[in-house]
Amino acid sequence: MGKLITLGEHIVQNQGKFPMATGELTALLSGIKLAGKVVNSEINKAGLVDDIIGQQGNTNIQGEEQQKLDVYANRIFKEALGARAVICGLASEEEDDFVAYESSVCQNGNYVILIDPLDGSSNIDVNVSIGTIFCVYQRKSPQGSPAVLEDFLQKGREIVAAGYIVYGSSTMIVMSTGQGVHGYTFDPSIGVFFLSHENLRFPEQGKIYSVNEGNFPFFDEKIKQYLRYCKEHDPASNRPYTGRYIGSLVSDFHRNLIKGGIYLYPSTSLKPDGKLRLLYECNPMAYLAEQAGGVAITGNEHILDIQPTELHQRCPLIIGSKSMVTELQGFLEA
Ligand code: AHG
Ligand code: MN
Ligand code: MN
């Protein structure tokens, strides 16, 4: 157990130059915490009760099969955030278009949220860690009106808060409001997230590489060269590196943040833009990475500098410890 201080208390105490009023921040956090607890409780019942595991029978706008928990988590976050007077709109992996909340209370809210309600869907049925990813922006449209597309298509550099929940061996919220990255572990016996990991930083040196190597034939030759390099025997440079790939971005990122490592989902000849979504997967993780002393790039530009043009656009992602991302960049630039 870390210090006996809760998520809400710690973030509000460390608000610094954060633009959100304390009351707004508290409202946002209470929506995220509540939805996280509800989803967590449901995930813990997977396998015990009907209607949790398995496919919903629909595909989302990206043509991917929706799992029942994808749909459930989306509804819970949408409702929890829409019930508080701070968020005027939500964009989600599981919604074709953005949601502009209709109530005048919400329309007075000054922020929008972008969310991957359930990350790692393919791991739901097999009892492997999954997550939720989110980021928050100040709206561009005037307060008191419905949210518009422009509110959501902002560069990652404009993020005011981002985080993820990892539903793992314990459940944690890891988040940043621009004052470093902090982790809060859920105590299920009393239903509270306590500060457990203050000021998380990527270790300077890492030796874990995380990639779906089944895509190897479709990678660019430079990525192939890097992956061969990861596996070479060279004790002086600590190689071979250790391969670890869970298939839940949240869990792979979380492990690499704690132990030091690099995660890559590069473009492939089959998926030239990669697989991950810029707005609610890559941007929040890139923001957290930079706040934790790491780096996040597509290959030739920083993720946070990309001007989005579409809600569900994809982009390649290379993210993790600075030394390892820089090393991979050396291969890309050669
Ligand atoms: P989601 O479940 O939200 O669709 O995200 C899945 C993502 C990400 O979490 C993971 O790292 C990646 O897809 C895994 O993709 P592959 O199965 O192609 O390796
Ligand atoms: Mn995802
Ligand atoms: Mn998802």
Side-chain angles (χ1 to χ4, degrees), residues 7 20 24-25 27-40 42-43 56 60-62 64 66-84 86-101 106 109-121 124 130-139 147 149 151-156 158-167 171-177 248-251 253-254 275-288 303-304 308 310-315 317:
L7 162 64
M20 221 179 251
E24 291 178 319
L25 181 55
L28 169 71
L29 291 174
S30 80
I32 290 169
K33 284 185 295 188
L34 180 60
K37 287 184 213 177
V38 172
V39 170
N40 179 58
E42 206 60 17
I43 286 170
Q56 174 82 12
N60 64 21
I61 193 166
Q62 299 153 76
E64 295 161 342
Q66 286 182 312
Q67 303 286 322
K68 289 174 185 162
L69 264 179
D70 283 325
V71 175
Y72 179 81
N74 183 57
R75 179 169 68 77
I76 297 298
F77 276 94
K78 188 164 72 173
E79 287 177 11
L81 292 159
R84 286 166 174 79
V86 58
I87 296 292
C88 63
L90 164 144
S92 162
E93 179 184 345
E94 307 305 338
E95 301 278 343
D96 297 359
D97 205 350
F98 65 88
V99 174
Y101 290 117
C106 285
N110 203 14
Y111 297 89
V112 293
I113 192 160
L114 296 92
I115 186 159
D116 176 355
L118 223 294
D119 173 64
S121 303
I124 293 170
I130 49 185
T132 295
I133 310 174
F134 63 91
C135 63
V136 177
Y137 294 90
Q138 200 156 359
R139 70 190 296 177
L149 182 61
D151 296 327
F152 299 92
L153 298 184
Q154 301 193 47
K155 289 184 185 178
E158 308 297 326
I159 285 175
V160 296
Y164 58 81
I165 307 177
V166 55
Y167 310 98
T171 295
M172 277 183 84
I173 294 184
V174 172
M175 75 175 282
S176 177
T177 53
S248 299
L249 171 62
V250 165
S251 312
F253 178 94
H254 186 69
K275 176 185 184 188
L276 300 172
R277 277 61 51 116
L278 173 63
L279 269 65
Y280 41 80
E281 291 182 314
C282 301
N283 265 339
M285 293 316 228
Y287 179 83
L288 291 166
I303 297 286
L304 297 180
E310 287 171 37
L311 278 184
H312 298 290
Q313 82 189 69
R314 297 174 193 264
C315 77
L317 178 67

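Numbers here are sequence positions counted from 1.
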Taking all atoms of both residues into account, what is the closest heavy-atom pair of [X] and [Y], and its distance?
X	Y	result
His254	Tyr164	ND1-OH, 2.7 Å
Ser248	Gly120	OG-CA, 3.5 Å
Ala162	Leu288	O-CD2, 3.6 Å
Gln313	Glu310	OE1-N, 2.9 Å
Leu90	Lys78	CD1-CA, 3.9 Å
Cys106	Arg84	SG-O, 4.1 Å

Do side-chain atoms of [X] reach the backbone of [Y] as a donor and acceptor pair under 3.5 angstrom?
X	Y	result
Arg75	Val71	no
Glu94	Leu118	no
Arg139	Asn110	no
Arg277	Leu311	no
Asn74	Pro117	no

Starting at [atom1] of [X], measure out to [atom2] of [Y] and round the result to the nearest 0.5 Å.
X	Y	atom1	atom2	value
Leu114	Glu95	CG	CD	12.0 Å
Leu276	Glu93	CG	CD	9.5 Å
Leu279	Ile115	CG	CD1	13.0 Å
Cys88	Leu81	SG	CG	11.5 Å
Asn283	Ile133	CG	CD1	11.0 Å
Leu317	Glu281	CG	CD	9.0 Å

Should Val160 and Tyr111 be marked as a side-chain contact (heavy atoms from CB on, under 4.5 Å) after you check the CA-CA gap, both sets of side-chain angles, and the distance that decides it? CA-CA 9 Å; Val160 296; Tyr111 297 89; 4.2 Å; yes

What I'd like to find out is whether the side chain of [X] reaches to under 4.5 Å of the side chain of [Y], using heavy atoms alone.
X	Y	answer
Val99	Ser92	no
Ile113	Phe77	no
Met20	Thr177	no

Can you list the residues that meet the ring pair (Phe, Tyr, Trp, His ring centres under 6.0 Å) rule with Tyr280, with sequence neighbours excluded? His312

With sequence neighbours left out, the residues meeting ring pair (Phe, Tyr, Trp, His ring centres under 6.0 Å) with Tyr287 are none

Quick one: side-chain contact (heavy atoms from CB on, under 4.5 Å) partners of Ala100, sequence neighbours excluded? Phe98, Pro146, Ala147

